[in-house]
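FYI, the numbering just counts along the sequence from 1. Just the heavy atoms: all of them, side chains too, but no hydrogens, waters or symmetry mates, feed the values below.
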Amino acid sequence: METMTKNVSVEKSKTSKISEVDFNNLSFGSVYTDHMLVCDFVNGAWQTPKVVPYQPITLEPSAKIFHYGQSIFEGMKAYKDENGDAWLFRPLENFKRLNKSAKRLAIPELPEAYFMEGLTTLLQVEKDWIPQNPGSSLYVRPFILASGTGFHASPADEYKFIIACAPSGAYFSGKVKVLIEENYSRAANGGVGYAKAGGNYAGQFYPTQLAIEKGYNQVIWTDDNTHEYIEEAGAMNIFVRINDTLITGPTSDRILDGITRKSILEIAEDQGIATEVRKITVSEVVEAAKNGSLKEMFGAGTAAVVSPIAGFGYQGTDYELPELDNSYATQLKTYITDIQYNRTEDKFGWRYPVE
Ligand SMILES: *Cc1c(COP(=O)(O)O)cnc(C)c1O
């Protein structure tokens with residue numbers, strides 16, 4: 001059965017798994033919907049994307065993804081409001097960042113229409129999979145991998161762009177205890193830290209395991225050169241509140257340009273919260289923790305939106321953060337999710353209808 005929606009063809013799956021899914025007990029990103037979008041780069045061009053039944057993909061052992069890690073991804077969510085209408089949040093920003101990552105990994109850039117029409121067509125087909133329970137959403141994972149073959153270390157000549165989706169429950173990480181990293185790095189000047197390149201995350205796993213063995217939940221990455229500056233919290237951007245000022249580091253080669261990060265900055269400024277975008281030193285955070293001016297630290301990213309930090313370890317000492325009633329983390333998370341779920345006016349123009 002083939003039908004054309006805009007330019008994207010749709011091949012419907014014969015059966016649906018949706019009745020097997022317990023929407024009241026969803027974990028994060030571990031069950032997948034009935035369909036996926038696939039778009040191939042062959043003969044020097046991206047071909048028309050198609051929605052097909054969710055299924056395994058076949059690759060040759062010599063596919064370059066396996067040897068040279070040419071792969072990039074994005075993470076976004078689709079939300080359903082009380083009326084059953086579906087929304088995305090700033091999806092063009094994900095598209096632009098995917099192409100920024102593509103360029104850095106020598107992957108051919110994707111046309112905007114293929115991304116946007118592919119995405120919205122897939123989400124229309126999967127609309128019933130977008131959960132309506134509070135805090136739940138459909139996690140959307142666009143990615144590109146090098147399917148072209150060869151054992152020589154050079155860019156592949158064939159790629160696959162895929163979007164797969166996973167209905168996901170509210171992401172409550174609880175308050176996390178973090179370790180400020182003094183040895184390992186996730187990114188370096190001139191490197192690929194600003195790209196959502198698969199290998200960046202593989203490289204984080206081992207230092208994170210070491211931190212977990214020491215009783216922490218997550219690593220705070222510092223700059224690779226001096227380890228004196230705080231840069232990211234796991235795979236999230238980091239915010240620090242000293243007294244009443246909200247501070248985050250400037251984006252760079254090493255710091256990913258998070259959509260949650262920049263949305264939080266705009267909301268905070270709009271709400272009259274003082275913000276600073278500047279380098280944050282480990283020593284000022286330790287000093288602020290000691291003298292009581294360190295009020296909050298939190299990670300910011302699509303999955304958790306805001307992930308509050310309860311305390312941090314540094315050079316063998318643990319520091320605790322205070323429990324605040326009306327924290328910036330809570331205020332900002334409420335504001336941003338109210339926009340995402342269409343519970344409030346969207347004066348920034350960030351909501352994007354799935355239609
Ligand atoms: C994806 C990601 C973020 C958050 O980006 P969002 O667009 O807000 O989801 C932050 N840091 C790293 C390293 C990331 O991979």
Side-chain angles (χ1 to χ4, degrees), residues 27-30 65-69 71-73 75 101 105 141 143 171-240 247-249 251-258 260-261 279-290 294 296-321 329:
S27 59
F28 186 83
S30 48
I65 169 68
F66 299 131
H67 308 277
Y68 307 117
S71 82
I72 54 172
F73 69 97
S101 300
L105 276 282
R141 170 54 61 87
F143 60 105
Y171 193 107
F172 288 123
S173 50
K175 277 214 165 185
V176 295
K177 224 180 117 183
V178 297
L179 179 66
I180 297 182
E181 183 59 62
E182 295 170 61
N183 178 29
Y184 296 100
S185 307
R186 77 168 285 278
N189 287 326
V192 298
Y194 69 89
K196 281 185 110 73
N200 283 344
Y201 305 84
Q204 293 184 206
F205 293 161
Y206 177 63
T208 305
Q209 276 173 359
L210 295 180
I212 290 170
E213 281 166 20
K214 290 183 195 153
Y216 300 93
N217 305 101
Q218 195 50 267
V219 169
I220 298 294
W221 300 105
T222 49
D223 71 291
D224 60 302
N225 189 23
T226 65
H227 296 287
E228 283 171 12
Y229 297 96
I230 279 181
E231 303 214 311
E232 295 220 53
M236 288 185 279
N237 293 114
I238 187 157
F239 283 84
V240 173
I247 313 164
T248 192
T251 55
S252 65
D253 279 0
R254 305 182 307 270
I255 298 186
L256 193 119
D257 188 3
T260 316
R261 172 188 172 278
K279 290 182 170 184
I280 306 165
T281 61
V282 178
S283 58
E284 76 175 305
V285 171
V286 169
E287 196 49 41
K290 284 181 182 161
L294 182 66
E296 295 180 53
M297 288 171 77
F298 57 86
T302 296
V305 189
V306 160
S307 175
I309 292 169
F312 66 89
Y314 182 62
Q315 292 186 337
T317 307
D318 283 336
Y319 301 85
E320 270 184 36
L321 274 83

Can you spot which of R254, H227, E228 makes a side chain to side chain donor-acceptor pair (under 3.5 Å) with T222? H227
[X] to [Y] - nearest heavy-atom pair and separation:
X    : Y    : value
E181 : P207 : OE1-CB, 4.1 Å
G193 : A187 : CA-CB, 3.6 Å
A233 : G299 : CB-CA, 4.3 Å
A195 : S101 : CA-OG, 3.6 Å
L179 : A211 : CD2-CB, 3.9 Å
A300 : F239 : CB-CE1, 3.8 Å

Considering only heavy atoms from C-beta outward, does the side chain of [X] approach that of [Y] to under 4.5 Å?
X    : Y    : answer
D318 : Y216 : yes
V192 : N200 : yes
V285 : M297 : yes
I220 : I309 : yes

More than 12 heavy atoms of other residues, nucleotides or ligands under 6.0 Å from CD of E320: yes or no? no
Sequence neighbours left out, what passes ring pair (Phe, Tyr, Trp, His ring centres under 6.0 Å) with Y319? Give chain and number order. F312
Can you list everything that forms a ring pair (Phe, Tyr, Trp, His ring centres under 6.0 Å) with F73? Sequence neighbours excluded, please. Y201
Distance, nearest 0.5 Å, that separates [atom1] of [X] from [atom2] of [Y]:
X    : Y    : atom1 : atom2 : result
K279 : T248 : NZ    : OG1   : 13.5 Å
T251 : L256 : OG1   : CG    : 9.0 Å
Y314 : S283 : OH    : OG    : 7.5 Å
L105 : S71  : CG    : OG    : 7.0 Å

Quick note, salt bridge (Lys or Arg N to Asp or Glu O under 4.0 Å) partners involving residues 193-222, not counting sequence neighbours, are none
Parallel, tilted or perpendicular: rings of Y184 and Y206 (30°, 60°): perpendicular
Among all residues two or more places apart in sequence or in another chain, which pass the side-chain hydrogen bond (donor to acceptor under 3.5 Å, both in side chains) test with E284? R278
Among residues at least two apart in sequence or on other chains, which ones pass side-chain hydrogen bond (donor to acceptor under 3.5 Å, both in side chains) with D223? T226
Quick one: do E231 and I238 satisfy side chain to side chain contact (heavy atoms under 4.5 Å, CB included)? Show the steps, please. CA-CA 7 Å; E231 303 214 311; I238 187 157; over 6 Å; no
Can you check whether [Y]'s main-chain N or O pairs, donor with acceptor, with [X]'s side chain at less than 3.5 Å?
X    : Y    : value
E296 : A329 : yes
R261 : G249 : yes
T260 : T302 : yes
S307 : F298 : no
D257 : Y194 : no

Contacts of type salt bridge (charged side-chain N to carboxylate O under 4.0 Å, His left out), residue E232, not counting sequence neighbours: R186
